[in-house]
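All figures in this text were calculated on a predicted structure; none of them were measured in a lab. Proteins come first, then strands; the chains are lettered A, B, ... in the order of their sequence lines, and each starts at number 1.
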Amino acid sequence: MSTTDTQVPAHFIRQIIATDLKDNKHNGKVVTRFPPEPNGYLHIGHAKSICLNFGMAIENNGLCNLRFDDTNPEKESVEFMESIERDVQWLGFAWAELYHASDYFEQLYIYAENLIEQGKAYVDSLSAEQIRAYRGTLTEPGKESPDRNRSIAENLDLFRRMRAGEFADGHYVLRAKIDMASPNINMRDPALYRIRRVHHHRTGNDWCIYPMYDYTHCISDALEGITHSLCTLEFEDHRPLYDWVLDALKTPCHPQQIEFARLQLEYTIVSKRKLNQLVTEKHVSGWDDPRMPTIAGLRRAGFTPKAIRDFCERIGITKQNSWIEMGVLEHCIREDLNDNSSRVMAVLQPLRVVIDNYPQDQTEQLEISNHPQHPELGKRQVPFSNVILIERDDFSDTPPPKYKRLVEGGEVRLRGSYVIKCNAVIKDANGAITELRCSYDSDTLGKNPEGRKVKGVIHWVSEQHALSAEVRLYNRLFALPQPDNEDNFLTAINPNSLEVLADCKVEASLAAALPESRFQFERNGYFCLDKDSVEGKLVFNRTVTLRENWEKD
RNA sequence: UGGGUCGUCGCCAAGCGGUAAGGCACGGGGUUUUGAUCUCCGCAUACCAAGGUUCGAAUCCUUGCGACCCAGCCA
């Protein structure tokens, strides 16, 4: 062990895999899979699972498949499949194979007949309601179905006719014959197949019976030679069923299911049903709305794949239900963007400043570094002239204590430029400040003024050179840390989650910026150019503010 | 009142019988032409509780307490 060893935490799944490798349990192989159901967009919670599954494969020289769990065609779509592939790749991962559970429908069917032949599955004619009633409760055992002892021959015949489409939807169901008195409700003869005449986005109308998750997932894992089947805690109770199915069948292998806690992030929800509701009821602009915790939303907001991966590593993998504070995610994106984004000046709420002693028709090209700590990011030319725009907040005629920006009679540094002094404040009839009259000290470019200290530094743009922009200031979508705890999560929506500033001015160098490029607007935060940008009007989304360490009153 | 799982700092999280890592947050100092960054310092005599075993327990045992998940022909 050297001190330079990486310091990734050895969470329990890493430990299990390390032990298995040492014991040569799977011939030294590690094969995982990320198995989303294509019924919605991927979100930050999926990112945790993606990073884990792909991460374990990468770390151990193994393989990770992407497998669509497409056994319920009613809720699934090609749009969702495409978005999932896009998001996984954007996060930076490459799957070994792309599979669909529907690829295995025929094999699954054959296995089902095998189960019937072994007397381990039967066709039940009980209705859904009856099955529920027969299931018993958490504290009382269930009752056996009258059809439970149907003959193997009859079960086989019925099941084949189910497939052939002889029966109406819901008329029959294939059930595993396990134990109606099991304390684990999942083992009380769970359904394996249901009749459902729905068009499937991949298999079309080939099937009118569809296999259930519990039956499909374990077999799919086995067919792919998965060694470690990682899933979330709510499937813990299903593991005995996972193992029961594989023990009953002669599958190529028997993967080990290991459960970990799903991500819960404060001020967000990660329920696909609810995210879907936000979209369909138009509480947000779409699945990729920057306020959405979806990968697509985070991407549009300006998050980087690296920051999301870092986040997933930092929060750890355990079996404890826990809530992650937003601050952790924010830290990750600030850390990446601080290091890698170019600095630029943008005035969100402009206030006109006329510099009376600067030549009226003169323009000076000031050379400003793109990153204070990374000279390798280069420099850019920023035009300076006698009329500039500064942030309204950067001037105050009633300055609070410790205010270090511009005040009447005071001086301030224009970032990358001169020191100016405010000589007069122009107000309109209502007393609102419309303009500042200033003078500049020509001997302060690149050097401190003689004999006095100017502590404030503010950003600015030259009025005649600036570009117009719309800036969208996003805040958390929910006003409560745990929206799901409300009777109706919609009541927890933050009414101020989006503030649109339509008349912002940004420096000219941004004219060539491409959608999805990220910048630090100095002193304001990190922003990402949105795809809504058009000629003459740039649109920026705020990813996150800069940290603000001083106490505001 | 059945079964499964989990309880270590405000939030995460190491720890695997030898005397409480780390991150985020927070508080304070320094540097700074971003009140950013960077940097230095501080931050659990304490591990849900109570007993017990042991020279020694967050780690083992017992008994409590608390939280989460399960009664879809969803995944």
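The OH-P distance, from A:Tyr526 to B:U34, rounds to 13 Å in whole Å. If you measure from atom CG of A:Leu241 to atom C1' of B:A71, you get 15 Å, rounded to the nearest angstrom.
The residue A:Gly456 sits apart from the nucleic acid: no heavy atom pair falls under 4.0 Å. Contacts of A:Glu266 with the nucleic acid, taken as non-hydrogen atoms under 4.0 Å apart, are absent. No engagement by A:Arg334 is indicated, since no non-hydrogen atom pair under 4.0 Å with the nucleic acid exists. Residue contacts shown for A:Pro372 include a base, since a base heavy atom lies under 4.0 Å away. At a threshold of 4.0 angstrom between heavy atoms, the contacts of A:Gly327 are confined to the sugar-phosphate backbone, with no base atom among them. A:Ile317 comes within 4.0 angstrom of sugar-phosphate atoms only, judged by non-hydrogen atoms across all strands, and of no base. As judged by a 4.0 angstrom heavy-atom cut-off over every strand, A:Ile131 is placed among the base-contacting residues. Within 4.0 Å of A:Lys319, counting heavy atoms only, lie sugar-phosphate atoms of the nucleic acid but no base atom. Within 4.0 Å (heavy atoms only), A:Arg415 reaches at least one base atom of the nucleic acid. Within the nucleic acid shown, A:His459 has no heavy atom closer than 4.0 Å to any nucleic acid atom. Within 4.0 Å of A:Thr216, counting heavy atoms only, lies no atom of the nucleic acid at all. In this structure, A:Ser182 reaches neither bases nor backbone, as no heavy-atom distance under 4.0 Å exists between it and the strands shown. At a threshold of 4.0 angstrom between heavy atoms, the contacts of A:Ile315 are confined to the sugar-phosphate backbone, with no base atom among them. Backbone-only contact: A:Arg132 has heavy atoms under 4.0 Å from sugar-phosphate atoms and none from a base.
Around the NZ atom of A:Lys319, the shell of radius 6.0 Å holds more than 12 heavy atoms that belong to other residues, nucleotides or ligands.
Set against B:G7, B:A75, B:U5, the side chain of A:Gln320 has B:G7 as its closest nucleotide. Comparing B:A75, B:C73, B:C68 against the side chain of A:Asn321 picks out B:C68 as the nearest. Nearest nucleotide to the A:Met212 side chain, out of B:C74, B:C12, B:A36: B:C74. The side chain of A:Asp237 sits closest to B:G3 out of B:G3, B:A36, B:C74.
Side-chain atoms of A:Gln373 come within donor-acceptor range of the base of B:U37, with a qualifying N/O pair under 3.5 Å. One can find a donor-acceptor pair under 3.5 Å joining the base of B:C16 and the side-chain atoms of A:Gln15. Taking 3.5 Å as the limit, the base of B:G35 and the side chain of A:Arg405 contain a donor-acceptor pair of atoms between them. The base of B:U34 has none of its N or O atoms less than 3.5 Å from a complementary donor or acceptor on the side chain of A:Arg523. A donor N or O paired with an acceptor N or O is not found under 3.5 Å between the base of B:U5 and the side-chain atoms of A:Glu259. Contact of A:Glu140 with B:G2 (side chain to base): no donor-acceptor pair of N or O atoms is detected under 3.5 Å.
Using a distance-only test at 3.5 Å, with no hydrogens or angles considered, a donor-acceptor pair links the side chain of A:Trp460 to the main chain of A:Arg415.
Taking a cutoff of 4.0 Å between a charged side-chain nitrogen and a carboxylate oxygen, A:Glu335 and A:Arg314 qualify as a salt bridge. A salt bridge links A:Glu507 and A:Arg380; the closest N-O separation between the charged side-chain nitrogens and carboxylate oxygens is under 4.0 Å.
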| task | Starting from the C-alpha separation in whole Å, work towards a yes-or-no answer on side-chain hydrogen bond (donor to acceptor under 3.5 Å, both in side chains) for A:Asn549 and A:Arg547. | result | CA-CA 6 Å; A:Asn549 273 342; A:Arg547 280 183 61 187; 3.2 Å; yes
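Scanning all heavy atoms of the two residues, the minimum distance from A:Ser182 to A:Met187 falls at OG-CB, 3.5 Å.
Nucleotides B:U34 and B:C69 have their P atoms positioned 49 Å apart, rounded to a whole Å.
Projected onto RNA chain B by closest heavy-atom contact, A:Lys453 and A:Asp69 fall at different nucleotides, the more 5' of which corresponds to A:Lys453.
Exactly one residue among A:Arg413, A:Met345, A:Arg523 makes a side chain to side chain contact (heavy atoms under 4.5 Å, CB included) with A:Ile458. That residue is A:Arg523.
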